[in-house]
Engineer: 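Sharing a structure below in structure tokens format, with a few things to ask.
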2 protein chains.
Amino acid sequence: MRVTIADVARVAGVSKTTASRVLNTRSEVDRSTAARVREVIDRMGYVPSSGALGPARESSRTIGMLVPSLTWPWMGEVVQGVVDTLEAAEFGLLLFTCNRGTESVERFTSQVSARAFDGLLVVEPENTLDMLTALHRKGLPVVLIDDRGHHPDFPYVTAANHEGGAAAARHLLSTGRRRPLVLTGPTRFGCVRDRLAGFRTTYAEHGHALDSGLVVESDFTEADGREAVRRMVREGRDFDAVFAHNDLGAVGAMAALRASGLGVPEDVAVIGFDDIPMAPLTEPSLTTVRQPMRRMGETAAGMLLARLAGGTATAAPVVLPTELVVRQSAPAAAG
Amino acid sequence: MRVTIADVARVAGVSKTTASRVLNTRSEVDRSTAARVREVIDRMGYVPSSGALGPARESSRTIGMLVPSLTWPWMGEVVQGVVDTLEAAEFGLLLFTCNRGTESVERFTSQVSARAFDGLLVVEPENTLDMLTALHRKGLPVVLIDDRGHHPDFPYVTAANHEGGAAAARHLLSTGRRRPLVLTGPTRFGCVRDRLAGFRTTYAEHGHALDSGLVVESDFTEADGREAVRRMVREGRDFDAVFAHNDLGAVGAMAALRASGLGVPEDVAVIGFDDIPMAPLTEPSLTTVRQPMRRMGETAAGMLLARLAGGTATAAPVVLPTELVVRQSAPAAAG
DNA sequence: CTGAAAGCGCTTACAG
DNA sequence: CTGAAAGCGCTTACAG
């Protein structure tokens, strides 16, 4: 039989009220009484039953997190950042992926209403915006990570995508690359549009308008990046660099270039975006724009926690800086 | 104000008892009554309060998962497999990493006792065995994934490590490699000892005892694998293949070989273990022994669920088959 | 098929 | 500083 607060009270010779008070470290308990109760608690190995906290409790001390997939190369870092921050604050993490269509979404929604968690962190899966908006309206605190679609209604943390694109452009320009091929991600994503805008603007400012035939949309997979570059080479397109909107796409691009007999970086320099764990391990190692994934997770968790602690409902968005990491696939200008 | 079962009952003109019964789809309710209650539930948007289920409920319909890190290259697959299985069974997943020493472990333990979850899946972090054993004794159902230390007390699911090692050996032998360098993982892990034993036995069976000077322990990181191979080359060791106990180590080995001017696979064939997402993307692509990580997660979750549903307490271990994936770094014998 | 009542483990006014 | 009592939202014998 599980030991309850009634058992503790009985053994310690106090009322449940008093036992409850020392449990919640209320000040109005006599020192020696408190000590005695605490001793009994330790001895009996008593632990409050979270389930039974029931009505009395306001908070589940748990937050939910909804992500499209756990197998994306950078997702582990984000979730690790979230878990670390939450554990330090003594919050648990309930993890969801909505990968089975409408049914998953409904199930997820009911968990929310059931108050299984106090707030929600989300890397937005496709087609969940309506649901998220509804939940948010109902009063569930929500923080978005990597604002994929530009939703001004939600507090969010994201990376400096525009500046990241600009940094990639400056780097390529500084090494004399005038005709970059841009391998974008799906353009419905806000981050993709920002990366492209930063890149395009910077090239334009230097007097080199982007060749629209050299801007191709891809889907963030390695296979599609490879195929797109292979096609461009076969069509005889003239380009001296590739700016891929994610590292996986850049890896695919490098494979296609290698297969076509083109040297990286001699013939074509390649820059990715993300700095996933494999980026430094490719051959040649990949120059890329680093997103601070773990910090994004930590920051988002921190914002949500602050909100739950009574912070303002509409926190300002946080834009974390990106950083150009120069490696072999697009080295710095010689000398 | 949140709508409670009392509200529903009042509006529907029935007792709380009856409302509760239709909620739990008990058979003893009149069809038309049930329909009316259900209509009210829908209209009012009623959802049971999980917290308030309190005493009455036996299960939290949540399981916990404890992992050492979320950023290991194969962890995403395992957790995804777990989440998929759990969501299909309408269970939630509470995720923990014990990465802050004793304090984390204690916090974790108290969550268990508080019945935040009904069972536990674990990829064993270092120094948690005592805690896990204690929890298990207290009646918490536990299933281990990737039995790292050989703990016969727990049900577990693992990959066929011994056979995987043997398969790697057979493949190298079939391509004429007689002097393999073995880059093991930490030998305190059961999986490492099994992989080595399978490899060693197979070589011995073919009349080629492993050179003990060519078996070196590494720590599963890319950097350490690289350094170990670099050192072996510099010392002038003679080997024509590398069998690394994980893919990251194999990637490091390939980098060291390349840096030493040795060709892969011409001079040295390389085989890894795991088949992480980057394995097919390396240059040359990595031949490896595939562990079915996602299926391991699914299987472990399934075992735990079965146990919770009243299955036997001591399920037999499940050993999932590994599969040799032949790519460029150790190609099949010509012809 | 249905409902009044008791109880789950805990907390919180309220009264001393 | 302490305790008896009420109540949180729900379920489950028990009785009709």
Side-chain angles (χ1 to χ4, degrees), chain A residues 1-41 44-62 110-118, chain B residues 1-41 44-62 90 110-118 139:
Chain A
M1 280 283 34
R2 148 173 284 263
V3 9
T4 74
I5 199 174
D7 300 324
V8 171
R10 181 166 34 72
V11 174
V14 298
S15 68
K16 289 193 302 174
T17 311
T18 297
S20 172
R21 274 195 271 250
V22 353
L23 226 32
N24 298 285
T25 52
R26 292 241 182 291
S27 45
E28 69 270 29
V29 184
D30 180 83
R31 291 169 79 78
S32 69
T33 310
R36 182 154 40 94
V37 174
R38 243 187 290 275
E39 192 268 326
V40 173
I41 286 173
M44 303 183 74
Y46 168 74
V47 182
S49 152
S50 76
L53 261 183
R57 77 122 66 78
E58 15 35 277
S59 157
S60 58
R61 287 200 87 75
T62 298
S110 92
Q111 292 246 21
V112 183
S113 311
R115 286 248 185 92
F117 46 87
D118 298 342
Chain B
M1 277 284 32
R2 148 173 283 264
V3 9
T4 73
I5 200 175
D7 299 325
V8 172
R10 180 166 34 73
V11 174
V14 298
S15 68
K16 289 193 302 174
T17 311
T18 297
S20 172
R21 275 195 271 249
V22 354
L23 225 34
N24 298 283
T25 52
R26 292 239 182 291
S27 44
E28 69 270 26
V29 183
D30 179 84
R31 289 169 80 78
S32 70
T33 312
R36 183 155 38 97
V37 174
R38 244 188 290 276
E39 192 268 326
V40 174
I41 285 173
M44 303 184 74
Y46 167 74
V47 182
S49 152
S50 75
L53 261 183
R57 80 121 63 77
E58 18 32 276
S59 158
S60 58
R61 287 202 85 75
T62 298
E90 307 201 33
S110 91
Q111 291 246 23
V112 184
S113 311
R115 285 248 186 93
F117 46 87
D118 298 342

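Chain letters run A, B, ... following the sequence lines, proteins first, then strands; residues in each count from 1.
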Engineer: Considering only D/dA4, C/dT2, D/dA13, which nucleotide approaches the side chain of B/Asp30 most closely?
Structural biologist: C/dT2
Engineer: Apply side-chain contact (heavy atoms from CB on, under 4.5 Å) to A/Ala35 and list each qualifying residue two or more places apart in sequence or on a separate chain.
Structural biologist: none
Engineer: Using heavy atoms and a sub-4.0 Å distance, could you list which residues of residues 8-15 of chain A are near DNA chain D? By number, please.
Structural biologist: A/Val14, A/Ser15
Engineer: In whole angstrom, what separates B/Arg31's CZ from C/dT2's P?
Structural biologist: 13 Å
Engineer: Take the protein atom CZ of A/Arg21 and the nucleotide atom P of D/dC1, then report the distance between them rounded to whole Å.
Structural biologist: 10 Å
Engineer: If the condition is side chain to side chain donor-acceptor pair (under 3.5 Å), which residues does A/Ser15 pass it with, not counting sequence neighbours?
Structural biologist: A/Thr18
Engineer: My understanding is that only residues two or more places apart in sequence, or in another chain, count here; which of them pass side-chain contact (heavy atoms from CB on, under 4.5 Å) with B/Val40?
Structural biologist: B/Val8, B/Val11, B/Ala12, B/Arg43, B/Met44
Engineer: Looking at A/Thr4, I'd like to know whether one of its side-chain N or O atoms comes within less than 4.0 Å of OP1 or OP2 on C/dG9.
Structural biologist: no
Engineer: Taking only residues two or more places apart in sequence or in another chain, which ones pass side-chain contact (heavy atoms from CB on, under 4.5 Å) with B/Arg10?
Structural biologist: B/Asp7
Engineer: For C/dC10, take OP1 and OP2 only and decide whether either is under 4.0 Å from a side-chain N or O of A/Ser20.
Structural biologist: no
Engineer: Which atom pair, heavy atoms only, marks the closest approach of B/Ala9 to B/Lys16?
Structural biologist: CB-N, 3.7 Å
Engineer: Nearest-Å distance, CD1 (B/Ile5) to C1' (D/dT11)?
Structural biologist: 8 Å
Engineer: Could you pull out the closest heavy-atom pair between B/Ile5 and B/Ala19, with the gap in Å?
Structural biologist: CG1-CB, 3.9 Å
Engineer: Taking only residues two or more places apart in sequence or in another chain, which ones pass salt bridge (Lys or Arg N to Asp or Glu O under 4.0 Å) with B/Arg38?
Structural biologist: none
Engineer: Mind pulling the stems DNA chain D is in, i.e. runs of at least three Watson-Crick or G-U pairs, everything under 3.5 Å?
Structural biologist: C:1-3 with D:14-16, C:5-12 with D:5-12, C:14-16 with D:1-3
Engineer: Whole angstrom is fine here: how far is it from NZ in B/Lys16 over to P in C/dA5?
Structural biologist: 12 Å
Engineer: Within residues 32-41 of chain B, find the residues that approach DNA chain C with a heavy atom at under 4.0 Å, and present them sorted by residue number.
Structural biologist: B/Thr33
